[in-house]
Amino acid sequence: MFARYAAIVKNLRGVVLFDLSEDGAWESVEWLVKRFRYRDLGLPPSVYRRYPDKLEKYMGGNPFRLLTYPLQELEAFAQEFAKCLNADYEVAELLTLSSIYISPAMIVGKRFEPVISRFSVEVVKTCKELDLEDWKLHMRIADYTVLDMFEFSISSALSVIETCSERSLEDVLSQRIESIRKDVKRYWRILCSDAQAKPFLYYVDNLRLYTQTCGLKSLCGRSNVAAALATIPVIAIPPGMK
């Protein structure tokens, strides 16, 4: 499992979640396939298991890769996370694997957006209709977002795990929200605060979300799960993209 993880992680540009029963979802998946012809996108096992026949021709890096857990402990973490969140397992798996693979999450369509919105701590909204160049640029910026914040995310999560202190957690979460607010400025070309603005990207802090739902004590002494506790940018891709 670790060998497969090592082979995939460097070239991955996103982890994708969708429900193909939603109108327009498949069109947006095909749009993603065209956009990432030369880069890989990851599929959580729970997503691939639902649509193996439909997705088969796009697997093996064309552009989708079936993601695996480098450690069984991290797969158990995703299952535990889902129970604490009281949400679809696919959502917990998306957030966990996006952190492990140091990649932005992508939700296609509207099916999962309400729960991601509820879990988020910040959102980038836009008033403009994004053209292809806008999408390409800001997806690339989202890749920088998760990469540039990752070392701090993981080191700060480790400090909380090691100290197992509510005071340490409070300080770390405060630092992490500040880093998110600074990162929002990367998206200045499309940022808009009007009432009619539409979400382009949500920030989900896995450490905050986990400790709010599962509790701090559940983390104590579990250093390996720090890899799953990064801050995740989640790109919202509308249905019916062409």
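Index from 1, following the sequence. Side chains are part of it too, since the values below use all heavy atoms of this structure and drop only hydrogens, waters and symmetry mates.
Within the 4.5 Å cutoff, the side chain of R181 has heavy atoms near those of the E178 side chain. With a 4.5 Å cut-off on side-chain heavy atoms, D23 and P239 do not count as touching. Considering only heavy atoms from C-beta on, L130 stays 4.5 Å or farther from H138 through its side chain. Two residues are said to be in side-chain contact when any heavy atoms from C-beta on lie closer than 4.5 Å; Y187 and T145 meet this criterion. Side-chain contact check for M139 versus P104: every heavy-atom pair is 4.5 Å or farther apart. Side-chain contact between P238 and K198: absent, with no pair of heavy atoms (C-beta onward) separated by less than 4.5 Å. Side-chain contact between L41 and M106: present, with at least one pair of heavy atoms (C-beta onward) separated by less than 4.5 Å. Inter-residue side-chain proximity for F64 and V16 is flagged as met; some heavy-atom pair is nearer than 4.5 Å.
For the pair V47 and L17, the tightest heavy-atom approach, listed with the atom from each and the gap, is CG2-CD1, 3.5 Å. Closest approach of A230 to S153, counting heavy atoms only: CA-CB, 3.6 Å. Here the shortest heavy-atom pairing between I235 and L201 reads CG1-CD1, 4.0 Å. Shown here for S159 and S156, the closest heavy-atom pair between the two residues is OG-O, 2.7 Å. Between L137 and R189, the closest heavy-atom pair is CD2-CD, 3.6 Å. The shortest non-hydrogen separation linking L97 to P45 is CD1-CD, 3.8 Å.
Of the possible polar contacts, none joining the N224 side chain to the L74 backbone as a donor-acceptor pair under 3.5 Å is found. Checking side-chain atoms of D131 against main-chain N and O of D134 turns up a donor-acceptor pair under 3.5 Å. Under the 3.5 Å distance criterion, the side-chain polar atoms of S99 are matched with a main-chain donor or acceptor of A227. Listed for the S120 side chain is a donor-acceptor partner under 3.5 Å among the backbone atoms of S117. Between the S103 side chain and the S98 main chain, no donor and acceptor come within less than 3.5 Å of each other. One N or O on the side chain of N206 and one on the backbone of L95 form a donor-acceptor pair closer than 3.5 Å. Although no hydrogens or angles enter the test, the distance criterion places a donor-acceptor pair under 3.5 Å between the side chain of S155 and the main chain of E151. Judged purely by atom type and a 3.5 angstrom limit, R13 has no side-chain atom pairing as donor or acceptor with the backbone of D143. Under the 3.5 Å distance criterion, the side-chain polar atoms of T211 are matched with a main-chain donor or acceptor of L207.
Electrostatic pairing of D148 and R186 counts as a salt bridge here, judged by a charged N lying under 4.0 Å from a carboxylate O. Under the 4.0 Å criterion applied to side-chain N and carboxylate O atoms, E122 and K182 are not assigned as salt-bridge partners. At a threshold of 4.0 Å, the pair E133-K136 counts as salt-bridged, since one of the basic side-chain nitrogens sits closer than that to a carboxylate oxygen. Using a cutoff of 4.0 Å between basic side-chain nitrogens and carboxylate oxygens, R111 and E90 are not scored as salt-bridged.
By the 30° and 60° cut-offs, the orientation of the rings of W135 relative to W31 is perpendicular. Taking the six-membered ring for Trp and thresholds of 30 and 60 degrees, F81 and Y210 have ring planes inclined between 30 and 60 degrees apart.
Going from atom NZ of K128 over to atom CD1 of I190 covers 8.0 Å, rounded to the nearest 0.5 Å. From K83, atom NZ reaches atom CG of L85 across 12.5 Å, with rounding to the nearest 0.5 Å. To the nearest 0.5 Å, atom CD1 of residue I100 and atom CG of residue L67 are 9.0 Å apart. The CZ atom of F119 sits 13.0 Å away from the OH atom of Y202 when rounded to the nearest 0.5 Å. Taken to the nearest 0.5 Å, the CG atom of D40 stands 4.5 Å off from the CZ atom of R65. In this structure, CD1 on I232 lies 8.5 Å from CG on L94, to the nearest 0.5 angstrom.
Between Y101 and Y5, the ring centre distance stays below 6.0 Å.
Y51 and D19 share a donor-acceptor pair across their side chains, judged by distance under 3.5 Å alone.
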Applying side-chain contact (heavy atoms from CB on, under 4.5 Å) to R4 and L66, what does each step give before you reach the verdict?
CA-CA 10 Å; R4 186 173 295 175; L66 178 59; 5.5 Å; no
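Checked against salt bridge (charged side-chain N to carboxylate O under 4.0 Å, His left out), R167 has the following partners two or more places apart in sequence or in another chain: D171.
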